[in-house]
There are 2 protein chains.
Amino acid sequence: MPDRVEPLPNRMVERLVAYRRHLRQCLGEGRTQIYSHELARLERVTPAQVRRDLMTIGYTGSPATGYGVEGLIEHLAGLLDTRSIGGFALVGAGHLGRAILDYLARQHPEYQVAAFDINPEKTGRITHGYRCYMIDELERVLAECPMRVGVIAVPAEAAQDTAIRLIAAGVSGLLNFAPVRLHVPDSVFVEDADIALLLEKVAFFARAGRSEEKV
Amino acid sequence: MPDRVEPLPNRMVERLVAYRRHLRQCLGEGRTQIYSHELARLERVTPAQVRRDLMTIGYTGSPATGYGVEGLIEHLAGLLDTRSIGGFALVGAGHLGRAILDYLARQHPEYQVAAFDINPEKTGRITHGYRCYMIDELERVLAECPMRVGVIAVPAEAAQDTAIRLIAAGVSGLLNFAPVRLHVPDSVFVEDADIALLLEKVAFFARAGRSEEKV
DNA sequence: TTAGCAGTGTGATTGTGTTCACAGCACGCC
DNA sequence: GGCGTGCTGTGAACACAATCACACTGCTAA
């Protein structure tokens, strides 16, 4: 019973998602129990961190057998529940957009996804099992079938406008791949995945050859 | 004169890269001076943070006119210098790989880039001005032309092996798009860009409609 | 049955990154 | 020329997240 906990820290949510991914794999391999240090090694965090996380979300294990794989997955499902999201609205069906559809199709076939593009050649077709609409239809499609998450995979110049349109159409979370900072209402969650920026960052740390792999 | 400062914090490097991007744009618009609060608004951080960052890297402005755009760009170039990197070795020329080449060609035409793929159909051709080699040639190409940064855009199953090969070939920084955690020596910097994970994270925060846009 | 052991649960601590608050300064204006 | 204004530079305070350290628990085996 997920007791609707108070705001989970940003980083912790990432770890929980990662835990779940590995737990599912363990389940597939027939494992029923797992220890904190095993989960920790897989995710490059400390066992103490894992225990703290699981404590925070209120899942408890046993010293003798560790944590129950299946029970933990269900507990996480209660927290990370994504059924209420409606689905993902992806704008921009270029290379990046199609790569994202790849991920969605492969890892989350259960989600509803609609793709949009400005280029008529790309629209109307089915990509990875998802329908690609003309961008003009964005408002209509989202009115018929509400989606809480928007993914911005358009050129930098179009990113801000796209964000506004998505928000107006009811989206409350954005994953932004464009190399610009979006200006949106505080009520909207924005995660930036700025590839060009990451490339430069890695380049910086690669020079020194330092060991800084956080997270 | 970059005084080879001690390890810069991970997050701060991201901000510095972002600052530089905006400064270049300002320069293009003919601005010569900029205030901390202007830079801050563009990047969604506080003015105090900007001043602190610039202080840390040892760049100093004037109360009357703010910071000199051109001087700051040059100062940042000294810190973020990427000439010594050799270039980027991109493994995986699928949709994602080509999207990354897009970014590189558009934002960093000055970098040297080599792409690799296992599929003979994709190799030998020129994409976005970059040569795409057969994966077997990785060691040979990097021996001839050392590159410090590796970008992993291959399926999850192949990611770990790819990482090992890149490191053996002299790479000391990795940008990993595969949805797995890599196990690498401590001397190698790894940045994970786990798109599937980010999608789930945004989905989580979109549900609550919370305002959590960190960074 | 009891000692040993391996792992969990958690208060306390440390460490790190961000924000506050204010002294100091340079220009513009009266 | 002196005064006000608005910005920078920075020590201090704060907030948060990760880590440590250890009491507690349940199994195992002699």
Side-chain angles (χ1 to χ4, degrees), chain A residues 3 5-19 23 26 31-69 71-72 75 186 201 204-205 210-215, chain B residues 3 5-19 23 26 31-69 71-72 75 181 186 201 205 210-215:
Chain A
D3 49 324
V5 287
E6 70 290 2
L8 260 43
N10 198 313
R11 285 286 178 78
M12 194 173 130
V13 174
E14 287 186 19
R15 287 195 299 269
L16 294 178
V17 171
Y19 295 159
L23 288 167
C26 288
R31 292 202 61 168
T32 60
Q33 301 291 126
I34 192 166
Y35 294 115
S36 65
H37 64 262
E38 301 176 285
L39 212 39
R41 202 178 45 78
L42 293 170
E43 290 303 322
R44 287 213 311 265
V45 294
T46 64
Q49 178 94 71
V50 173
R51 294 204 301 277
R52 166 79 56 192
D53 286 340
L54 299 192
M55 190 192 92
T56 306
I57 64 170
Y59 191 77
T60 159
S62 134
T65 59
Y67 301 93
V69 173
L72 185 45
H75 195 91
D186 277 356
K201 180 169 133 185
F204 174 82
F205 285 113
R210 289 178 51 238
S211 58
E212 189 75 276
E213 62 275 21
K214 291 290 180 63
V215 173
Chain B
D3 49 324
V5 287
E6 70 289 3
L8 260 43
N10 198 311
R11 284 286 177 78
M12 195 176 129
V13 174
E14 287 185 20
R15 287 195 300 269
L16 293 179
V17 172
Y19 295 159
L23 287 168
C26 288
R31 293 202 60 169
T32 60
Q33 301 291 127
I34 194 167
Y35 293 116
S36 64
H37 63 262
E38 301 176 285
L39 212 40
R41 202 177 46 77
L42 293 170
E43 288 303 322
R44 287 212 311 263
V45 295
T46 64
Q49 178 93 75
V50 174
R51 294 205 301 276
R52 167 80 52 192
D53 285 341
L54 299 193
M55 189 193 93
T56 306
I57 64 170
Y59 190 77
T60 159
S62 135
T65 58
Y67 301 93
V69 173
L72 185 45
H75 195 91
R181 295 283 178 214
D186 276 356
K201 181 169 133 185
F205 285 113
R210 289 177 51 241
S211 59
E212 190 76 275
E213 61 273 25
K214 291 290 180 64
V215 176

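Within every chain, numbering begins at 1; the chains are lettered A, B, ... in the order of the sequence lines, protein sequences first and strands thereafter. Heavy-atom basis, side chains included; hydrogens, waters and symmetry copies ignored.
The CG atom of A/Asp53 sits 10 Å away from the C1' atom of D/dA18 (whole-angstrom rounding). Atom CG in B/Asn10 sits about 16 Å away from atom P in D/dA17, given to the nearest Å. The CZ atom of A/Arg15 sits 9 Å away from the P atom of D/dA17 (whole-angstrom rounding). One can place OH of A/Tyr59 at 10 Å from P of C/dG9, the figure rounded to the nearest angstrom. Counting to the nearest Å, the P atom of D/dG9 and the CG atom of B/Leu39 are 13 Å from each other. The interatomic distance linking B/Gln49 (CD) with D/dT8 (C1') rounds to 16 Å, in whole Å. Rounded to whole Å, the distance from CG on A/Leu54 to P on D/dA18 is 14 Å. Taking atom CE of B/Met55 as the reference point, atom P of D/dT10 lies 5 Å away to the nearest angstrom.
B/His37 contributes no side-chain N or O that, together with a main-chain N or O of B/Ala48, makes up a donor-acceptor pair within less than 3.5 Å. Between the side chain of A/Tyr35 and the backbone N or O of A/Ala64, at least one donor-acceptor pair lies under 3.5 Å.
Legend: residues meeting side-chain contact (heavy atoms from CB on, under 4.5 Å) with B/Thr32, ordered by chain and number and at least two apart, are absent. For A/Arg41, the salt bridge (charged side-chain N to carboxylate O under 4.0 Å, His left out) test picks out no residue, with sequence neighbours left out.
The CD atom of A/Glu38 sits 13.0 Å away from the CD atom of A/Glu43 when rounded to the nearest 0.5 Å.
Using a 4.5 Å heavy-atom threshold, the side chains of A/Tyr19 and A/Val50 count as touching.
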Can you tabulate the close N/O pairs, meaning under 3.5 Å, that link protein atoms to atoms of nucleotides 1-7 of chain C?
unit_1: C/dG7; atom_1: O4'; unit_2: A/Pro63; atom_2: O; d: 3.1

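OP1 or OP2 of D/dA12 has not a single side-chain nitrogen or oxygen of B/Arg52 nearer than 4.0 Å. At C/dT18, none of the side-chain N or O atoms of B/Thr46 fall inside 4.0 Å of OP1 or OP2 (strictly under the cut-off).
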